[in-house]
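Here's the structure we're looking at; comments come further down.
No experiment lies behind these values; they were computed from the predicted model shown. Each chain gets a letter, A, B and so on, in the order the sequences are listed, and its residues count up from 1.
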2 protein chains.
Amino acid sequence: MTVHVTLKDLAKRLKVSPSTVSRALNDHPDISSPTKKRILALAESLDYHPDNVAQSLKNACTKTIGVIIPEIKHDFFASVLDGIEDITHEAGYTILLCKSNESYEREVINTKVLASHRIAGLIVSIAQDTKDSLHFQSLQRRRIPLVFFDRVFEDFPSSKVIVNDEEGAFSAVNYLIKSGYKRIAHIGGPQHLSIAKKRFQGYCRALEENNIPVNMDYVLFGGMYEEDGGVAFDRLHQFKPDAVFAVNDPVAVGAIVKIKAVGLSIPKDVAVVGFSDNAIASIIDPPLTTIAQPAYEMGASAARLLMDEIQQKNSQRKAVVETLKTRLIIRKTT
Amino acid sequence: MTVHVTLKDLAKRLKVSPSTVSRALNDHPDISSPTKKRILALAESLDYHPDNVAQSLKNACTKTIGVIIPEIKHDFFASVLDGIEDITHEAGYTILLCKSNESYEREVINTKVLASHRIAGLIVSIAQDTKDSLHFQSLQRRRIPLVFFDRVFEDFPSSKVIVNDEEGAFSAVNYLIKSGYKRIAHIGGPQHLSIAKKRFQGYCRALEENNIPVNMDYVLFGGMYEEDGGVAFDRLHQFKPDAVFAVNDPVAVGAIVKIKAVGLSIPKDVAVVGFSDNAIASIIDPPLTTIAQPAYEMGASAARLLMDEIQQKNSQRKAVVETLKTRLIIRKTT
DNA sequence: AACGACATCGCAAACGATTGCATAAAAAAT
DNA sequence: ATTTTTTATGCAATCGTTTGCGATGTCGTT
């Protein structure tokens, strides 16, 4: 009365050896077609499914890939996950999903759990709290292919999928300048996050190329959430900026809410630009000018890179960095 | 030069048997504390991690649970997933994530893949295309605990987490009636989906209890997406409804867009009520009156139920149905 | 001095599947 | 009729871990 039907069960019932059953199920040419048919038929009727766990143990590799993201309930990551799922599913892989909750400790635990699950590879966007990459180095030592996306370590020897943050930020700020805005503020994110840093750099370059000095009164670094945007604009308010370039859409939204709250009008008094083109951007009032990131495509690209690395496991792998293009979407906040 | 450090490696290095190492790592009382310390120390320095795959094989159970959802990039499911992750992570389980893309075939494949991964349990919200439950019955025969949420089979003998859809719909429509709306239309979903059916039932009951006959001119059944809402209102338009109760928020949004497009004003000419309280609801112009579903809580509840069932595997399990409360959120579309 | 009680540890089988090698029978070639 | 080849199947080891049982060795007890 075993619950799971095993290969041995089939063997016993048919009075053949387990090896024969295994070969028959894998359509090995050594097995005669009559026996093959008998075995296939029984397997079918008993609803036999090979035990992936045992197969993995034997083959020293599973058909699962790990994914670690800071949070799930977030347009961007959800879309990325969607892209990852579609590609890996095609390739016969399943996703082991972990969430870091932006915590370094939880990220470390996740890598350990996933490693001991023997994932074939790992796709990661690192947490805000994460500053060192020891846990990922440990995975590389075990030859587990690794692909980072969006939030990456700049000098980590692995494949990455990023967007051209600097360029995107540049084009947004440059557009603001060309539109005649003079006092352009920046609400930035934590500068140890490469995306936050790059966006700040793009902001600076745009100003410089237009011969506008970077005034640090207009620059604030905080978190990546809506409340951070509100807090930041509160402090910025005294300097009367006529435009705000936020590190991402939630922060931009936070700023918008605050701007409206203090009685200023958008974009007449203050223009706002976000980053990411979250769903919220097209829906908020007024609709937010922002920089679109191809989220689904990033997930799909990361998954494709990972699948490649897994397949050619033994050949010398080279870390490839894929930079996807951003796109400035002009709406009503500028 | 093995990549993975195994228990046997430790054993060899320390000239003890693998069983001793195993027991030491599991803090078995038979092992003396000096040897324990030696083993622990080496395990630490060699960055040893037990192979989950081998453990799973031996123990006939993994520390993973499967999750099948129709799509990921959707506020509701993403939030549910968030809830599931938090609870299962606490319990030491990892999520194997599959997406059905609303397709019956893909759902069937997913159940097979997950079963052969030997998941300890499964959480599912069924696809729109799914009409029979054979694949889930097959899982139950293998004694894999199953919990459905949101979209469930009404008469399937397993635990479920649902919201009181009928009651939620009733309260929304009742509110519309009390507010003085007379010609209340319903843009419904596929009636084989229990949630769509229940919401329609709530709509009917509200009308009936207020002595308003249900006029099927005002009722349309379609899909669950934004475009379906637009299409539906197009056809509804001729009957001049003064209020629309949509089966969910995307459909409501589709209707809103269409209503604005034909030059009607909301809520003056037509009121709109959605269902789910997606992020979009609070952001769209005008902000949408809708019925809030506790998405995160549903995920967390489903996960808790599943954890319980897994732990008391052998005792007779009873299917428990947990019904969470909805909440009418009144915004500006009514 | 002899015997049982403990404390430590190893042996070996097991989980379910795969696979190189050996073996047996049947078919083909001489 | 004998040898060679082909075809079909079984044996046994292996992946990494766990665990019941048995084998030591060390004490304390009478």
Side-chain angles (χ1 to χ4, degrees), chain A residues 2-40 42-43 46-64 112-113 115-120 142-143, chain B residues 2-40 42-43 46-64 112-113 115-120 142-143:
Chain A
T2 49
V3 172
H4 288 269
V5 181
T6 76
L7 192 147
K8 286 181 191 171
D9 296 335
L10 300 185
K12 239 175 248 170
R13 297 269 280 247
L14 294 168
K15 301 199 194 309
V16 295
S17 78
S19 19
T20 303
V21 178
S22 171
R23 282 188 259 255
L25 294 172
N26 292 317
D27 203 26
H28 192 287
D30 271 6
I31 306 299
S32 71
S33 63
T35 35
K36 251 181 207 169
K37 272 180 196 154
R38 283 170 56 218
I39 293 174
L40 265 304
L42 187 67
L46 258 50
D47 196 27
Y48 166 81
H49 296 282
D51 186 322
N52 226 309
V53 173
Q55 286 179 324
S56 299
L57 179 60
K58 180 64 185 161
N59 303 338
C61 83
T62 63
K63 286 297 218 173
T64 62
K112 293 193 179 174
V113 170
S116 84
H117 270 289
R118 285 211 169 203
I119 47 169
R142 298 195 219 161
R143 306 255 184 290
Chain B
T2 49
V3 173
H4 287 269
V5 182
T6 75
L7 191 147
K8 286 181 190 173
D9 295 335
L10 300 185
K12 240 176 247 169
R13 296 270 279 248
L14 294 169
K15 302 200 194 309
V16 296
S17 79
S19 18
T20 302
V21 178
S22 171
R23 282 188 260 255
L25 294 172
N26 292 318
D27 204 26
H28 192 287
D30 271 7
I31 307 298
S32 71
S33 64
T35 34
K36 253 181 206 169
K37 272 178 195 156
R38 284 170 56 217
I39 293 174
L40 265 304
L42 187 67
L46 259 50
D47 196 26
Y48 165 82
H49 295 282
D51 186 323
N52 225 307
V53 173
Q55 286 181 325
S56 298
L57 179 60
K58 182 63 186 163
N59 303 338
C61 83
T62 64
K63 287 298 219 172
T64 61
K112 291 193 180 174
V113 170
S116 85
H117 270 289
R118 283 209 169 207
I119 47 169
R142 297 195 222 161
R143 307 254 185 290

Do A/D47 and A/V5 have side chains that get closer than 4.5 Å, going by heavy atoms? no

Side chains of B/R38 and B/T35 in contact at under 4.5 Å (non-hydrogen atoms): yes

Please test A/H4 against B/R118 for side-chain hydrogen bond (donor to acceptor under 3.5 Å, both in side chains), starting from the C-alpha separation and ending with a verdict. CA-CA 10 Å; A/H4 288 269; B/R118 283 209 169 207; 4.9 Å; no

Hey, is the side chain of B/K8 poking within less than 4.0 Å of OP1 or OP2 on D/dC15, counting only N and O atoms? yes

Respond yes when some side-chain nitrogen or oxygen of A/Y48 is under 4.0 Å from OP1 or OP2 of C/dG16, and no when none is. no

So do the side chains of A/Y48 and A/L7 get within less than 4.5 Å of each other, counting heavy atoms only? yes

Sorted by number, residues from residues 27-38 of chain A placing a heavy atom under 4.0 Å from DNA chain D are A/D30, A/I31, A/S32, A/T35

Which of residues 52-59 of chain A sit near DNA chain D, with a heavy atom under 4.0 Å from it? A/L57, A/K58

Roughly how many Å is it from CG in B/L25 to P in D/dT19, rounded to a whole number? 13 Å

What I'd like to find out is whether the side chain of A/R23 reaches to under 4.5 Å of the side chain of A/S19, using heavy atoms alone. yes

Check whether any side-chain nitrogen or oxygen of A/T6 sits under 4.0 Å from OP1 or OP2 of C/dG16, and answer yes or no. no

Can you find a heavy atom in the side chain of B/T64 that is under 4.5 Å from one in the side chain of A/H117? yes

Rounded distance (Å) that lies between atom C1' of D/dC15 and atom CG of B/L7: 13 Å

Beyond-backbone contact of B/D9 with B/L46, side-chain heavy atoms, under 4.5 angstrom: no

Check the distance between C/dG16's P and A/L10's CG and give it to me in whole angstrom. 12 Å

Looking at side-chain heavy atoms only, is the closest gap between A/T62 and A/N52 below 4.5 Å? no

Any heavy-atom pair between the side chains of A/T6 and A/D51 that's under 4.5 Å? no

Any base atoms under 4.0 Å from A/V16, or only sugar-phosphate, or nothing? Heavy atoms, all strands. sugar-phosphate

Between C/dG16 (C1') and A/L46 (CG): distance, integer Å: 16 Å

What I want to check is whether an N or O donor and acceptor connect the side chain of A/S19 with the base of D/dC11 at under 3.5 Å. yes

When the distance from CG of B/D51 to P of C/dA17 is rounded to whole Å, what number comes out? 17 Å

Could you tell me whether the phosphate oxygens of D/dG10, OP1 or OP2, come under 4.0 Å of any side-chain nitrogen or oxygen in A/T20? yes

Check if the side chain of B/R118 and the base of C/dG16 share a donor-acceptor pair of N or O atoms closer than 3.5 Å. no

Can you tell me how far C1' of C/dT19 sits from CZ of A/R23, to the nearest Å? 6 Å

Between P on D/dT17 and CD1 on B/I39, what's the gap in Å once rounded to a whole number? 13 Å

